[in-house]
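What follows is a short report on a single structure.
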Amino acid sequence: MNTGPARGMRDFLPEDVRRRQFVIGVIADVYQKYGFEPLETPSVENLETLQGKYGEEGDRLIFKILKRGEGAETGQADLALRYDLTVPLARVVAEYRSKLPKFFKRYQVQPVWRADRPQKGRFREFYQCDVDAIGSTSMTVEAELLSAAADVFVALGFTDFQIVINHRKLLNAVLAHAGVPAELHGPALVIMDKADKIGIDGVRTELSERGLAPNVAETLLEQLNGTPPADLDAWMTAQSAVLNDDGKAGIAELQQVFTLCKSTSAGPHLVLDRSLARGLSYYTGPIFEIRVADLAGSMGGGGRYDRLIGMFSGEHIPASGISLGLERILVVMGERKMFPESAVSAPAEVMVVQWFANRTALYLEFATELRRAGVRVELYPESPSDDGKKVGERQFKYAAARGIPFVAVIGGDELANGTVAIRNMKTGEQQSVPRANLVEILRHG
RNA sequence: GUGGAUGUAGCUCAGGGGUAGAGCUCCGGACUGUGGCUCCGGCUGUCGCGGGUUCGAAUCCCGUCAUCCACCCCA
């Protein structure tokens with residue numbers, strides 16, 4: 001029997017869970033500081049809720065659930081595991097609109113599932129940490145979302161991350177201006193997006209394979225590639241003059257985001273990337289991605305989706321959001337050894353040794369006394385008579401292996417004069433103290 | 001869906017036709033109020049699974065499964 005978890009799924013042992021909870025805690029704290037409220041939705045959605053929202057590739061990766069009963073025979077599916085947290089949010093907004101505030105700001109940290117092939121930092125079950133703001137077309141929303149994301153990474157100890165931004169309307173305008181036929185917009189963007197991986201020549205080759213005329217391809221390359229201009233604002237204004245109305249609108253919004261972000265923690269990290277496209281089909285405005293040099297994929301991404309909620313309710317409600325990839329943050333933090341001591345804390349502050357056989361009640365009472373005083377206490381679960389082994393050695397060894405910093409012993413001497421022997425497992429120092437003073441000494445040394 | 005690498009002890013890995021090894025872990029002892037250091041002794045394997053070649057396969061061949069990595073796409 002294979003005892004490993006299913007492909008792309010993982011078990012989280014106590015040390016893993018502590019790290020995950022540490023990062024999730026930081027994220028939730030930051031989001032709450034911005035007034036975002038928590039939301040949870042079911043793991044399973046009706047299949048029709050998810051289908052047709054993510055684009056062709058996304059639809060293919062949805063984990064479907066077979067119909068119960070007779071349906072199982074036919075292989076038909078009517079339910080599916082959620083693919084992201086954005087579409088379920090759109091469904092919730094469409095359903096509960098009248099109960100939700102005019103501007104609904106929510107954060108959500110839950111697992112999502114994708115029938116993808118696992119890879120570094122990529123799993124079939126993984127947590128996303130989403131923040132979204134519903135109900136406003138103002139770029140204030142984007143500035144706050146990016147600022148909150150930047151606060152998260154700073155709080156976790158990152159200094160070298162980039163927040164890359166682009167705009168769907170600008171992209172469409174640039175494609176139109178270069179002479180790319182509408183039906184090739186999608187493929188052309190995908191190819192442009194790979195520039196950092198396959199190089200300029202690779203992009204040139206792939207564009208011509210797709211049937212783009214060489215001069216169109218060259219125009220595109222000039223437009224979308226190369227380092228951002230030194231005077232970004234002047235460049236954007238100049239571009240705006242050349243492009244269609246969509247392009248003008250996109251550039252105006254990007255300029256606003258850059259201006260607004262100057263007064264937030266996102267400012268120093270914000271970079272324009274003219275080739276950033278993003279795969280999900282529901283984006284309509286600014287799009288963003290958070291990157292760090294040592295990871296091929298992104299640590300987070302998002303964008304504005306003003307027409308997604310309308311797919312459920314018929315009424316278009318503007319919305320924008322960003323999703324952080326918990327697993328990828330953990331992968332990078334693990335490689336860089338960025339977890340503070342507090343994130344990998346020991347299971348208990350003190351372990352109580354069972355010195356005498358058949359005196360478990362005494363030790364349990366002692367442990368209870370400490371716990372009532374707020375100390376995290378582990379009681380060694382076996383008394384010496386249980387296995388006939390040497391009393392001290394294995395208990396101390398166990399405490400050391402578990403990384404418990406203090407061991408408390410009540411042996412013959414201690415029992416006689418009402419004291420406790422307390423040993424610091426790190427330094428090896430040991431002292432006998434009155435039992436009543438133990439908590440005080442643990443707290444203040 | 002495509003390509004590559006790797007599957008041998010609980011863990012990390014060596015061995016590439018003649019019946020299985022090291023280090024660490026674990027257990028016991030040196031050391032019967034106390035871990036870490038040192039020394040001595042000991043346990044552990046369908047060599048991923050199925051088939052083929054061979055007198056003989058962990059080793060060579062075919063298939064298969066799993067894991068990791070890359071592509072696609074994405075968090």
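Computation of the quantities below employed the complete heavy-atom set of this structure, encompassing side-chain atoms and omitting hydrogens, waters and symmetry-equivalent molecules. Proteins get letters first, then strands, A, B, ... in listed order; numbering begins at 1 in each. As the structure is a computational prediction, the values presented were derived from the model and not from experiment.
- With both ends at atom C1', the span from B:U59 to B:C26 equals 30 Å, rounded to whole Å.
- A:Tyr398 has its OH atom 17 Å from the C1' atom of B:G36, to the nearest Å.
- Put simply, the side chain of A:Arg423 reaches to within 4.5 Å of the side chain of A:Met425, judged on heavy atoms.
- Take the nearest nucleotide of RNA chain B for A:Ala400 and for A:Leu324: the residue whose nucleotide is more 5' is A:Ala400.
- Within the 4.0 angstrom heavy-atom criterion, base atoms lie near A:Gly428.
- Going from atom CD1 of A:Ile27 over to atom P of B:A75 covers 15 Å, rounded to whole Å.
- Whole-Å rounding puts the A:Asp132 CG to B:A75 C1' distance at 14 Å.
- Comparing the C1' positions of B:G35 and B:C31 gives an interatomic distance of 13 Å, to the nearest angstrom.
- A:Phe158 has its ring centre less than 6.0 Å from the ring centre of A:Phe153.
- We find the OH-CG distance between A:Tyr107 and A:Asp130 to be 13.0 Å, quoted to the nearest 0.5 Å.
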* Using Watson-Crick and G-U wobble pairs whose two distances are both under 3.5 Å, how do you write the pairing of RNA chain B as dot-bracket, with | for links to another strand? -> ((((((((.[[[[.)..(..]]]].(((((.......))))).....[[[[[..)....]]]]])))))))....
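- The minimum heavy-atom distance between A:Val93 and A:Phe104, with the atom names listed, is CG2-CD2, 4.1 Å.
- Under the 90° criterion around 0 for the glycosidic angle, B:G16 counts as syn.
- Within 3.5 Å, a donor on the side chain of A:Gln430 pairs with an acceptor on the base of B:U34, or the reverse.
- Residue contacts for A:Phe123: at a heavy-atom cut-off of 4.0 Å it reaches a base atom on one of the strands shown.
- Residue contacts for A:Gly58: at a heavy-atom cut-off of 4.0 Å it reaches no nucleic acid atom on any strand shown.
- Protein atom CD of A:Glu125 is 17 Å distant from nucleotide atom P of B:A75, rounded to whole Å.
- Within the nucleic acid shown, A:Glu56 has no heavy atom closer than 4.0 Å to any nucleic acid atom.
- Between the CZ atom of A:Arg117 and the P atom of B:G4 there is a distance of 11 Å, rounded to whole Å.
- For the C1' atom pair drawn from B:G7 and B:G28, the interatomic distance equals 34 Å after rounding to whole Å.
- For the C1' atom pair drawn from B:G48 and B:U54, the interatomic distance equals 23 Å after rounding to whole Å.
- Listed candidates were B:C69, B:C27, B:U34. Nearest to the side chain of A:Lys120 is B:C69.
- Checked against B:C68, B:C73, B:U34, the side chain of A:Glu57 finds its nearest nucleotide in B:C73.
- Distance CD/A:Glu378 to CD1/A:Ile404: 4.0 Å, rounded to 0.5 Å.
- Among the atoms of the strands shown, base atoms are found under 4.0 Å from some heavy atom of A:Gly297.
- Residues forming a side chain to side chain donor-acceptor pair (under 3.5 Å) with A:Glu335 (at least two apart in sequence, or on another chain): A:Lys120.
- Here the separation of B:U12 from B:G18, taken at their P atoms, is 27 Å to the nearest Å.
- In this structure, A:Arg114 reaches the bases: a heavy-atom distance under 4.0 Å links it to at least one base atom across the strands shown.
- Look at CZ on A:Arg402: it is 15 Å from C1' on B:G35, rounded to the nearest Å.
- Across every non-hydrogen atom of A:Glu414 and A:Ile410, the tightest pair is CB-CA, 4.0 Å.
- Listed pair A:Arg7 / B:U67 meets the phosphate criterion, a side-chain N or O lying under 4.0 Å from OP1 or OP2.
- The phosphate of B:U34 has neither OP1 nor OP2 within less than 4.0 Å of any side-chain N or O from A:Arg394.
- The A:Trp355 side chain lies nearest to B:G33 when the options are B:A75, B:C68, B:G33.
- The residue A:Asp413 sits close to a base: some heavy atom pair falls under 4.0 Å.
- One distance of note links CZ of A:Arg122 with CZ of A:Arg114; it measures 9.0 Å at 0.5 Å rounding.
- Taking atom CZ of A:Arg60 as the reference point, atom P of B:G1 lies 8 Å away to the nearest angstrom.
- An aromatic stacking contact links A:Phe126 with the base of B:A75, defined here by ring centres under 5.5 Å apart and ring planes under 30° from parallel.
- As a whole-Å value, the separation of A:Phe161 CZ from B:A75 P is 18 Å.
- B:G42 and B:C60 have their P atoms separated by 33 Å, given to the nearest Å.
- Put simply, the side chain of A:Arg423 and the base of B:G35 share a donor and an acceptor less than 3.5 Å apart.
- Of all nucleotides listed (B:C73, B:G33, B:G3), B:G33 comes nearest to the side chain of A:Glu414.
- Contacts of A:Val407 with the nucleic acid, taken as non-hydrogen atoms under 4.0 Å apart, are absent.
- In summary, the side chains of A:Tyr363 and A:Ser383 do not present any donor paired with an acceptor at a separation below 3.5 Å, with no hydrogens or angles considered.
- Residues of residues 144-152 of chain A having a heavy atom closer than 4.0 Å to RNA chain B: none are found.
- Relative to the six-membered ring of A:Phe12, A:Arg20 meets both conditions, a distance below 6.0 Å and an angle of at most 45° to the axis.
- To the nearest 0.5 Å, atoms OH (A:Tyr31) and CG (A:Asp132) are separated by 9.0 Å.
- Taking the C1' atoms as reference points, B:U34 lies 39 Å from B:U8, given to the whole Å.
- A pairwise comparison of heavy atoms in A:Leu272 and A:Phe258 identifies N-CZ, 3.7 Å as the closest pair.
- Note on A:Gln119: every side-chain N or O is 4.0 Å or more away from OP1 and OP2 of B:C69.
- Take the nearest nucleotide of RNA chain B for A:Gly300 and for A:Val409: the residue whose nucleotide is more 5' is A:Val409.
- The salt bridge (charged side-chain N to carboxylate O under 4.0 Å, His left out) test with A:Glu365 singles out one residue from A:Arg371, A:Arg359, A:Arg435, and that residue is A:Arg435.
- Going from the P atom of B:A75 to that of B:G63 covers 37 Å, rounded to whole Å.
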